[in-house]
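To start, the structure itself, in structure tokens.
Throughout, a chain's letter reflects where its sequence line sits, starting with A, and its residues are numbered from 1.
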Amino acid sequence: MDMQKNYDPKEFEDRLYKEWMDKGYFRAEADPAKIPFTIVIPPPNITGQLHLGHALDNTIIDALIRFKRMQGYAALYLPGCDHASIATEVKIVEQMKAEGLTKKDVGRDGFLERAWAWKEKYGGRIVEQMKKMGVSCDWSRLAFTMDENCSRAVREVFVNLYEKGLIYRGDRIINWCPSCKTALSDAEVEYSEEDSFFWHLKYPVKGSDESIVVATTRPETMLGDTAVAVNPKDKRYAHMVGKTLVLPLVGREIPVVADDYVDMEFGSGAVKITPAHDPNDFEVGLRHSLPVIRVMNDDGTMNEEAGAYCGMDRYAAREKIVEDLKACGALVNIEPHKHNVGHCYRCHSTVEPIVSKQWFVKMAPLAKPAIDAVARNKIKFTPERFAKIYFNWMEGIKDWCISRQLWWGHRIPVWYCADCGEMTVSKTDPSECAHCHSKHIHQDEDVLDTWFSSALWPFSTLGYPDKTDDFNYFYPTDVLSCGYDIIFFWVARMIFSGIEHTGKVPFRDVLLHGIVRDEQGRKMSKSLGNGIDPLEVIGEYGADSLRFSLISGVGPGNDTRYSRTKVEAGRNFLNKVWNASRFVLMNCEGMKVPPLSEIRLSPADKWIVSRLESCIREVTLNMNKFELGIAAGTLYDFLWSDFCDWYIELSKNALYGGDEGKKAATLGVLCFVLDNALRLLHPFVPFITEEIWRNIPGNEGKSIMVAEFPRYNAKLAYKKEAKAFEPVMDIIKAVRNMKTSVNCPPSKKVKLYVSVPNRRVVQANAGSVLKLAGASEIAFVESGADVAEKTMSQVTETCTVYVPLGELVDPEKERARLSAELDRILGEIARADGKLQNRGFVEKAPRALVEQERAKLEKFIGMKEKVEAQLRELE
RNA sequence: GGAGGCAUAGCUCAGUUGGUUAGAGCGCUCGCUUCACAUGCGAGAGGUCGUAGGUUCGAGUCCUACUGUCUCUACCA
């Protein structure tokens with residue numbers, strides 16, 4: 001046994017990980033003799049490197065997986081990455097821009113070549129990072145959302161949904177990012193409140209002096225207006241309905257229509273209708289058969305429909321249009337206004353609602369069973385409150401726009417025929433049109449929303465659409481753990497996809513965690529530059545310290561702050577565990593350590609074994625409830641307080657007392673407790689526990705990774721015995737207490753008088769008491785009256801301890817100390833009193849200051865009385 | 001507009017189904033070269049648990065209202 005004085009994770013983490021890999025401990029196989037336990041990773045985007053959020057994901061999942069594996073389950077942690085269509089494409093466009101290239105320059109194939117190269121580089125880096133974290137993934141199953149099987153699943157699902165009429169193509173209002181030049185789903189738009197204006201515009205009625213005032217936050221869209229709507233019940237406008245307005249600047253004649261959509265109370269009660277650029281207006285347009293006039297190009301410039309403004313950027317056009325409206329008298333006024341503006345979640349450009357031909361998933365039929373599954377508890381959210389958020393979103397869900405005008409992703413499996421114009425939707429690449437057999441077909445240029453493939457992750461990674469043995473064994477998965485920020489993007493979509501395509505819910509538990517924030521509570525982001533690289537933390541403190549700090553003190557669903565001091569606290573704890581183990585193992589050298597079953601347990605032994613059992617129970621219970629923070633905290637307290645501070649200190653008497661039999665027995669208990677505690681701790685901090693555990697006598701050549709997780713043993717609970725042991729600790733605490741309170745050095749040996757109902761247990765541990773309390777001898781008494789000397793005493797829950805005053809303090813020294821203290825206090829009293837006697841101070845100084853001074857005076861008077869009393873005691 | 005979270009020690013947070021004297025880490029004070037560990041040991045100080053009500057034998061915990069704060073969500077032109 002050769003352990004360094006200080007815990008140094010660098011020395012063994014990489015070595016152990018490699019060993020685990022070599023021995024194949026991470027591999028999970030379909031084993032009929034075992035119960036499966038599966039978690040699929042929330043696949044990180046290949047856009048870059050992992051951050052602390054991923055570190056938290058991995059720590060939680062790995063802790064659960066290791067826990068279950070040790071309990072004998074066929075535990076599968078399935079790793080992989082997401083191609084992250086739009087996010088990656090943005091990165092690659094940036095990369096090309098640095099080289100002076102555009103997508104057009106390199107073409108689709110050239111672009112995809114770069115994308116795959118990117119994937120190789122960053123996907124590989126992510127895997128390396130995860131390995132550094134110590135996660136026990138089955139790397140033989142490493143998946144990628146665009147690998148062969150996932151792609152097959154995507155096509156299968158797309159075609160099936162299409163054939164059921166649940167995927168359709170059509171012109172709808174979608175969110176358009178003019179910078180990424182693609183459509184976005186509703187979930188991909190982030191709203192933020194911005195200061196803007198209401199521009200009130202006046203549209204004249206044709207052939208009349210009348211006009212209608214409408215308001216807009218996007219004046220440039222007025223070029224595409226094809227009506228003005230009023231509420232049918234609105235008496236103010238009743239006579240206007242059906243009349244014709246002349247659109248300023250454009251001169252187009254547009255009708256006034258009546259529609260319930262209009263809120264009479266809001267603004268002027270009249271709304272300009274721009275079907276091509278607003279989702280509500282689009283609906284109104286459908287109801288009134290209004291023309292749809294799109295005035296903007298895909299890049300955010302105005303198109304030929306915009307007439308004189310054609311070619312101008314949307315914001316330049318806005319300025320010019322406002323100017324021109326003002327010039328022609330159509331601008332009534334401008335009113336400051338705050339409103340929510342949607343931004344692209346990847347590039348943060350302002351999105352434009354635009355009418356566009358896209359592919360959609362019809363959501364209503366899919367949402368219903370997905371809602372039922374959660375409502376009927378087939379899927380349980382932890383914490384439960386997130387189920388409400390899920391219901392809220394699912395119940396109001398709209399059709400999902402799945403086509404993206406991007407190149408990196410799953411290309412839509414639809415081919416258009418140049419001859420007959422029909423579509424061929426196929427799982428495999430067709431060579432001819434399914435309708436007219438023409439060879440002149442071309443595939444849809446667009447790719448699918450990246451979340452379309454993520455939605456299939458729990459089954460596409462396990463062999464779907466094939467019903468493989470793996471699929472049958474490991475699916476449905478057990479727990480899905482991720483941040484609450486992707487409930488809509490990912491969790492919800494996996495749920496309805498799993499039910500629809502496999503007929504089963506994809507997982508039984510959804511365990512949500514919060515966001516890892518920086519020390520000041522801010523979200524970590526590139527723009528703030530406050531991101532933390534897990535690898536740097538690991539380099540400095542080791543993976544175990546990072547894991548432990550991420551998991552401790554955090555409940556499910558709660559945000560957490562990263563801080564260096566927290567990692568340090570974790571490291572300090574592990575150093576403590578390291579040294580406690582070093583102590584135990586050093587003492588084992590050259591000894592034959594008996595198993596617990598062969599040891600006659602002392603009261604102290606029974607106490608620590610009892611504490612261990614209750615720790616096992618607590619940890620197991622909390623792991624099962626996903627309360628990892630509580631489980632980790634329980635272990636922290638057990639190891640540091642019970643094991644190190646008490647039992648190890650108590651054991652020294654037996655170890656060093658010269659009785660070889662006692663020594664061996666005590667070592668047996670120390671090893672038993674340490675062995676169990678390490679196994680309990682292993683899911684959280686795999687490396688250090690492995691490094692130590694295999695050195696415990698009897699564990700040679702074995703691995704803690706595949707050792708059994710401790711099981712609560714009622715026979716070892718020793719509740720009564722543990723309770724009976726308490727006076728021993730109480731006596732020690734009481735003596736330490738008294739010594740400190742009178743400034744007596746801990747090393748000064750004092751005589752003790754103890755009044756305790758059960759003398760036997762104290763007697764049996766007298767050696768420990770003398771050592772830990774710093775005492776010379778113990779005498780038992782019935783009460784204080786039996787003690788002849790003048791004493792100081794302390795009453796505890798289980799006993800009363802008396803210490804002769806003369807033993808505690810050197811009367812001369814103590815008198816001198818107290819006199820000096822008294823002098824100082826008297827000086828303070830004089831000073832404060834003088835100040836308060838000064839009328840100028842009392843009247844003119846801030847009241848708080850005067851109060852403070854009064855309080856000080858009172859405090860010092862109190863202290864004076866106590867010290868005087870102590871002096872009298874010494875006489 | 002709707003929904004939800006949070007509010008506990010100087011700071012960051014635990015507190016599991018309501019049950020003695022509300023805990024931890026860091027910081028602070030005092031004392032320790034105690035033979036595993038100064039990344040440590042021992043002893044402390046510090047909280048009317050956001051405010052006001054209510055339910056209860058009993059409330060940090062449950063209910064109501066309010067205040068502050070953060071977040072999600074929504075089509076108010």
Side-chain angles (χ1 to χ4, degrees), chain A residues 3 5-7 173 186-187 190-191 198-200 214-218 221 228-229 261-263 265-274 278-284 337 339-340 353 383 385-386 388-389 391-393 396 398 484-485 487-488 514-515 517 519-521 523 541 545 549 552-566 568-587 618 621-622 625 627 629-630 633 636-637 640-641 644-645 648-649 652 655-656 732-733 736-741 743-747 771-774 797:
Chain A
M3 287 174 79
K5 187 174 166 191
N6 282 327
Y7 157 62
I173 290 274
D186 293 343
E190 289 173 347
Y191 291 89
F198 258 146
W199 285 270
H200 295 267
V214 295
T216 181
T217 54
R218 293 182 297 154
T221 63
V228 163
Y261 154 67
V262 181
D263 179 356
E265 310 294 321
F266 189 82
S268 66
V271 185
K272 65 190 266 307
I273 299 299
T274 323
D278 183 279
N280 297 304
D281 293 6
F282 184 79
E283 296 297 320
V284 175
H337 177 64
H339 72 142
N340 274 333
R385 66 185 137 90
F386 288 106
K388 270 186 244 168
I389 293 177
F391 287 135
N392 202 336
W393 191 73
K398 299 215 186 97
Y484 61 71
D485 51 334
I487 294 176
F488 305 140
I515 295 166
R517 300 173 175 276
E519 239 150 317
Q520 289 138 61
K523 235 175 170 170
Y541 297 101
S545 298
S549 71
S552 47
V554 186
N558 285 354
D559 287 357
T560 170
R561 295 190 195 198
Y562 167 84
S563 77
R564 220 182 156 73
T565 53
K566 235 187 241 177
E568 271 167 14
R571 189 268 320 263
N572 292 354
F573 169 61
L574 297 179
N575 185 59
K576 187 74 181 172
V577 171
W578 180 263
N579 274 292
S581 307
R582 195 159 68 98
F583 170 82
V584 173
L585 297 173
M586 271 170 22
N587 278 292
E618 287 290 299
L621 200 76
N622 283 300
K625 291 198 306 198
E627 287 282 1
I630 294 178
Y636 183 98
D637 289 341
W640 203 315
S641 306
C644 292
D645 291 346
I648 284 186
E649 293 308 322
K652 285 178 180 171
L655 292 180
Y656 302 143
I732 293 165
K733 279 192 270 189
R736 285 172 174 172
N737 226 307
M738 285 186 270
K739 279 187 175 175
T740 310
S741 71
N743 240 347
C744 171
S747 49
K771 185 177 167 72
L772 299 185
E797 279 182 37

Non-neighbouring partners of A/Asp559 that pass side-chain hydrogen bond (donor to acceptor under 3.5 Å, both in side chains), sequence neighbours left out: A/Tyr484, A/Arg517

Run the side-chain hydrogen bond (donor to acceptor under 3.5 Å, both in side chains) test against A/Asn392 and tell me which residues pass, sequence neighbours left out.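 None.
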
Round to a whole Å and report the spacing from [atom1] of [X] to [atom2] of [N].
X: A/Arg385; N: B/A3; atom1: CZ; atom2: C1'; value: 12 Å
X: A/Asn6; N: B/A38; atom1: CG; atom2: C1'; value: 10 Å
X: A/Glu568; N: B/U12; atom1: CD; atom2: P; value: 18 Å
X: A/Glu627; N: B/A24; atom1: CD; atom2: P; value: 19 Å
X: A/Phe386; N: B/G4; atom1: CZ; atom2: P; value: 13 Å

Provide the distance between the two [atom1] atoms, one in [N] and one in [M], to the nearest whole Å.
N: B/C37; M: B/C32; atom1: C1'; value: 15 Å
N: B/U69; M: B/C75; atom1: P; value: 27 Å
N: B/G53; M: B/A9; atom1: C1'; value: 27 Å
N: B/U39; M: B/G19; atom1: C1'; value: 39 Å
N: B/A65; M: B/U29; atom1: C1'; value: 43 Å
N: B/G50; M: B/G44; atom1: P; value: 27 Å
N: B/A77; M: B/C70; atom1: C1'; value: 30 Å
N: B/G54; M: B/U73; atom1: C1'; value: 32 Å

Taking the side chain as every heavy atom from C-beta outward, state whether A/Asn280 and A/Glu283 have any pair of such atoms under 4.5 Å apart. no

Name the nucleic acid region contacted by [X], choosing base, sugar-phosphate or nothing; use a 4.0 angstrom heavy-atom cut-off, strictly under.
X: A/Ile648; result: base
X: A/Tyr656; result: sugar-phosphate
X: A/Glu649; result: base
X: A/Tyr636; result: sugar-phosphate
X: A/Gly553; result: sugar-phosphate
X: A/Lys5; result: sugar-phosphate
X: A/Ala580; result: base

For A/Lys272, salt bridge (charged side-chain N to carboxylate O under 4.0 Å, His left out) partners two or more places apart: A/Asp225

Stems involving RNA chain B: give each as a range paired with a range, ordered by first number, where a stem means at least three consecutive Watson-Crick or G-U wobble pairs under 3.5 Å.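 Stem list for RNA chain B: B:1-7 with B:67-73, B:10-13 with B:23-26, B:28-32 with B:40-44, B:50-54 with B:62-66.
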
Could you tell me whether a side-chain N or O of A/Lys739 sits under 3.5 Å from a main-chain N or O of A/Pro746, the two making a donor and an acceptor? yes

Side chain A/Lys566, main chain A/Ser552, donor-acceptor under 3.5 Å: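 No; zero donor-acceptor contacts below 3.5 Å.
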
Residue mapping more 5' on RNA chain B - nearest nucleotide basis, A/Thr560 or A/Leu621: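 Its nearest nucleotide being more 5', the pick is A/Thr560.
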
Hey, which of these two, A/Glu519 or A/Ile630, hits RNA chain B nearer its 5' end, going by closest nucleotide?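 Upstream on the strand: A/Glu519.
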
N/O contacts under 3.5 Å, protein versus nucleotides 41-44 of chain B?
unit_1 : atom_1 : unit_2   : atom_2 : d
B/C41  : OP1    : A/Lys576 : NZ     : 2.8
B/C41  : OP1    : A/Trp640 : NE1    : 2.6
B/A43  : O3'    : A/Asn737 : OD1    : 3.4
B/G44  : OP1    : A/Asn737 : OD1    : 2.8
B/G44  : OP1    : A/Asn737 : ND2    : 2.8

Report yes if at least one side-chain N or O of A/Asn572 is closer than 4.0 Å to OP1 or OP2 of B/G40; otherwise report no.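 So the side-chain polar atoms of A/Asn572 do come within 4.0 Å of the phosphate oxygens OP1 or OP2 of B/G40, strictly under.
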
Is any side-chain nitrogen or oxygen of A/Asn575 closer than 4.0 Å to OP1 or OP2 of B/A36? no

Which pairs with one or both residues in residues 568-578 of chain A pass salt bridge (Lys or Arg N to Asp or Glu O under 4.0 Å), sequence neighbours excluded?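 Matches after skipping sequence neighbours: none remain.
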
With sequence neighbours excluded, residues passing side-chain contact (heavy atoms from CB on, under 4.5 Å) with [X]:
X: A/Tyr636; answer: A/Phe548, A/Phe573, A/Trp640
X: A/Lys771; answer: A/Lys652, A/Asn653
X: A/Glu519; answer: A/Ser563
X: A/Lys625; answer: A/Asn622, A/Glu627

Write down the protein N/O and nucleotide N/O pairs, taken from nucleotides 70-77 of chain B, whose separation is under 3.5 Å; answer none if there are no such pairs.
unit_1 : atom_1 : unit_2   : atom_2 : d
B/A74  : N6     : A/Asn340 : ND2    : 2.4
B/C75  : OP1    : A/Lys398 : NZ     : 3.1
B/C75  : O4'    : A/Asn280 : ND2    : 3.4
B/C75  : O2'    : A/Asn280 : ND2    : 3.2
B/C75  : O2     : A/Asn280 : OD1    : 3.4
B/C75  : O2     : A/Asn280 : ND2    : 3.4
B/C76  : O2     : A/Asp263 : OD2    : 3.3
B/A77  : O2'    : A/Ala215 : O      : 2.5
B/A77  : N6     : A/Asp263 : O      : 2.6
B/A77  : N6     : A/Phe266 : O      : 2.6
B/A77  : N1     : A/Asp263 : N      : 3.2

Could you list, one pair per line, each protein nitrogen or oxygen that sits under 3.5 Å from a nitrogen or oxygen of nucleotides 60-62 of chain B, together with the distance?
none

What verdict does the side-chain contact (heavy atoms from CB on, under 4.5 Å) test give for A/Thr216 and A/Thr221, after you've listed the backbone C-alpha separation in whole Å, the side-chain angles of each residue and the deciding distance to 0.1 Å? CA-CA 9 Å; A/Thr216 181; A/Thr221 63; 4.2 Å; yes

Residue [X], side-chain atoms from C-beta onward, closest of [options]:
X: A/Lys625; options: B/A36, B/U16, B/U39; value: B/U16
X: A/Arg582; options: B/C35, B/A36, B/G4; value: B/A36
X: A/Met586; options: B/A36, B/G25, B/U39; value: B/A36

Any donor-acceptor pair under 3.5 Å joining the side chain of A/Arg561 to the base of B/U12?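 Checked by distance alone, the answer is no.
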
Mind telling me whether A/Phe488 and A/Trp393 have parallel, tilted or perpendicular rings, with 30° and 60° as the class edges? parallel

Would you call the rings of A/Phe198 and A/His337 parallel, tilted or perpendicular, taking 30° and 60° as the class edges? parallel

Apply the test side-chain contact (heavy atoms from CB on, under 4.5 Å) to residues A/Tyr541 and A/Arg564: give CA-CA distance (whole Å), side-chain angles for both, the deciding distance (0.1 Å), then the verdict. CA-CA 10 Å; A/Tyr541 297 101; A/Arg564 220 182 156 73; 3.6 Å; yes

Of all the heavy-atom pairs spanning A/Pro556 and A/Arg385, show the shortest one and how long it is. O-NH2, 4.2 Å

